[in-house]
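Naming: A, B, ... by sequence-line order, numbering from 1 per chain.
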2 protein chains.
Amino acid sequence: MSFPNLTLFRHYAESVPSAIPKTVLKTHTDNSVTVADAYPKSLFHFIVLPRALPPLDISNLKDLRTLLKCDREQALQVLKRLDADAEAVRAIIEAEMVSKYGFKWEIWTGFHPLPSMEHLHLHVLSADLCTPAMKIKKHYNSFHPKLGFFLHLEEVLSWFEATPSFYDMKRALTPRQYEDRLKEDLMCFKCDDVFKTMPKLKEHLQQEWDRMAKREKAKLAKKRKREEEAAAKAGDGDDGNVKAKKCETESPAE
Amino acid sequence: MSFPNLTLFRHYAESVPSAIPKTVLKTHTDNSVTVADAYPKSLFHFIVLPRALPPLDISNLKDLRTLLKCDREQALQVLKRLDADAEAVRAIIEAEMVSKYGFKWEIWTGFHPLPSMEHLHLHVLSADLCTPAMKIKKHYNSFHPKLGFFLHLEEVLSWFEATPSFYDMKRALTPRQYEDRLKEDLMCFKCDDVFKTMPKLKEHLQQEWDRMAKREKAKLAKKRKREEEAAAKAGDGDDGNVKAKKCETESPAE
DNA sequence: TATTCCGATAGTGAC
DNA sequence: GTCACTATCGGAATGAG
């Protein structure tokens, strides 16, 4: 991936997994191939690429707009399969979050309405947006979860539950309503503070992440301590352990 | 002059010449101090700084607009003295042109209507505009001889010959009529060709200068040859030399 | 909304 | 219209059987 090959995603979607470099391929199913984003915009950033399965072919999977021009049920089926595969990818990410950082945080799953690279691709990425590849306003705004450019898969699926006219309006994905959003001010997706430059935003995002990491680790330490205490109590009587576990499930710390 | 001191020119105008670094001071009179521009925009680029002479004081010499608010005859006198001193500076430049490059070319003398550095300063610079310090559009357009931002001293002096209402209009030097001119397209001051970038313009200006240098040197070689031939002829008869000299004065080569 | 390279553009700070 | 620094913005090229 040393040169910008705009058809690389399609190539991957048509390849057998063994033909994809091991450093690139994350996982795969009969429906999709998941690869590491070459320029990750978050600490975890993967791309889920649907395969062309009958009756659809590769030309129906050019991008989201193209897919949504297909038969409604066929399009929905593609999205549901992507949803299932993304769920598995999120499970992988969460396991790596715990092993690498000791805690888990939010993961977003969604599309860009006006992609540059060919072939429909679903982004699955952790909610941090602070990496070396995160360089310009367009990068950041294209993943901001509340700006409206990043189309959460859940939202796209909800279009299928709405009225036909609403579905028709949404599936048009007219560029004009989206492209201006990338030029919006740089607003922190966590606290809504506005920043004038990317370096200042990124410094802030790093602080937000550091604070979150500290908080989450403290939370886990507390939880572990509670569990140890419960285990100690369980040593006295036999029903103490069951009660502690129930409490933890119903009202987690914080 | 290692840091941009906005009052440096005023400081020089108030200094005795011996207090000005030798590498900076070019020449001086009772009326003015001439210094080398620290960021020359042409191969020769000097700054003539009027001294405050009674009845005017330093506050009357803040910039051209301030001077033109003064008594009309007093202002005219300042400009006429600058004109005379600039004439001497041009003579120095022409001598250096010949010694350094073997030929002479045009020299411009004028003001900027919206200067950033304090104290009225007259630019005297050779017509080439292609040096390392010539970096951005604003630099170039501010010296373009036909754009209207660079105010030739001759033109300013002509305002004094016009009607009082014309003089009043011109001397206001309202910023709005000048500031937009610096954003005009990059047009070669010799051939009017337009360039999209400074590197491309500068490459062209260098070619223009190289062509001119070649042309002027050929012209001088021709002239010298003619003079030699005339001298040879003069060896035959006594009045040949006088005739050749007269011809040269009246219709120079080209 | 692929990146990278080049260059123009805009804001700031200098003391 | 002082410069130098930082960062943004804007276009064009990009690979190659």
### Task
Write down the distance between CG (B:Leu8) and C1' (C:dA14), rounded to a whole number of angstrom.
14 Å
### Query
So, A:Phe143 versus A:His139, ring centres under 6.0 angstrom or not?
no
### Task
With a 4.0 Å heavy-atom cut-off, tell me which residues in residues 189-201 of chain A come close to DNA chain D, sorted by residue number.
A:Thr197, A:Met198, A:Pro199
### Task
Could you tell me whether B:Lys41 contacts a base, only the sugar-phosphate backbone, or nothing, with contacts defined as non-hydrogen atoms closer than 4.0 Å?
sugar-phosphate
### Task
Would you mind classifying the nucleic acid contact of B:His123 as base, sugar-phosphate or nothing, using non-hydrogen atoms under 4.0 angstrom?
nothing
### Any pair counted as side-chain hydrogen bond (donor to acceptor under 3.5 Å, both in side chains), so long as it reaches residues 181-198 of chain B, sequence neighbours left out
B:Lys146-B:Asp192
### Message
Could you tell me how far apart B:Glu184 (CD) and C:dA8 (P) are, to the nearest whole angstrom?
### Response
16 Å
### Task
Please report, rounded to the nearest Å, how far the P atom of D:dA4 is from the CE atom of B:Met134.
14 Å
### Query
Between A:Lys183 (NZ) and D:dC9 (C1'), how many Å, whole number?
10 Å
### Query
How many Å lie between CG on B:Leu6 and P on C:dG13, as a whole number?
15 Å
### Task
Note every stem involving DNA chain C: at least three consecutive Watson-Crick or G-U wobble pairs, i with j then i+1 with j-1, with both distances under 3.5 Å.
C:2-14 with D:2-14
### Message
Looking only at the side chains, is there a donor atom on one of B:Thr66 and B:Asp63 sitting less than 3.5 Å from an acceptor on the other?
### Response
yes
### Task
Would you confirm whether B:His28, through its side chain, and B:Val35, through its main-chain N or O, come within 3.5 Å as a donor-acceptor pair?
no
#### Entry: Atom pair distance, as rounded to whole Å: CE in B:Met117 and P in D:dA4
12 Å
### Query
Rounding to the closest angstrom, what is the interatomic distance between D:dG15 and C:dC6 at atom P?
14 Å
### Message
Just to verify, which of B:Arg90, B:His152, B:Glu87 counts as forming a side-chain hydrogen bond (donor to acceptor under 3.5 Å, both in side chains) with B:Thr109?
### Response
B:Arg90
### Task
Look at all strands and tell whether A:Glu118 reaches a base, only sugar-phosphate, or nothing, counting heavy atoms closer than 4.0 Å.
nothing
### Summary
The complete set of salt bridge (charged side-chain N to carboxylate O under 4.0 Å, His left out) pairs with one or both residues in residues 111-122 of chain B, sequence neighbours excluded, reads B:Arg10-B:Glu118
### Message
Salt bridge or not between B:Glu203 and B:Lys200? Use side-chain N to carboxylate O under 4.0 Å.
### Response
no
### Message
Categorize A:Phe111 for me: base, sugar-phosphate, or nothing, with a 4.0 angstrom heavy-atom threshold over every strand shown.
### Response
nothing
### Query
Does B:Ala133 have any side chain to side chain contact (heavy atoms under 4.5 Å, CB included) partners at least two apart in sequence or in another chain, and if so, which?
B:Tyr39, B:Lys41, B:Thr131
#### Entry: Partners passing ring pair (Phe, Tyr, Trp, His ring centres under 6.0 Å) against B:Phe189 (at least two apart in sequence or in another chain)
B:Trp108
### Side-chain N,O (B:Lys135) to OP1/OP2 (D:dA4) below 4.0 Å
yes
### Euclidean distance, atom NE2 of residue A:His139 to atom C1' of C:dT3 [Å, nearest integer]
7 Å
#### Entry: Separation of C:dC15 C1' from B:Arg10 CZ (nearest whole Å)
14 Å
### Message
Say we look at D:dT6 and C:dC15: how far apart would their P atoms be, to the nearest angstrom?
### Response
15 Å
### Proximity of B:Phe149 and B:His112 rings by center, below 6.0 Å
yes
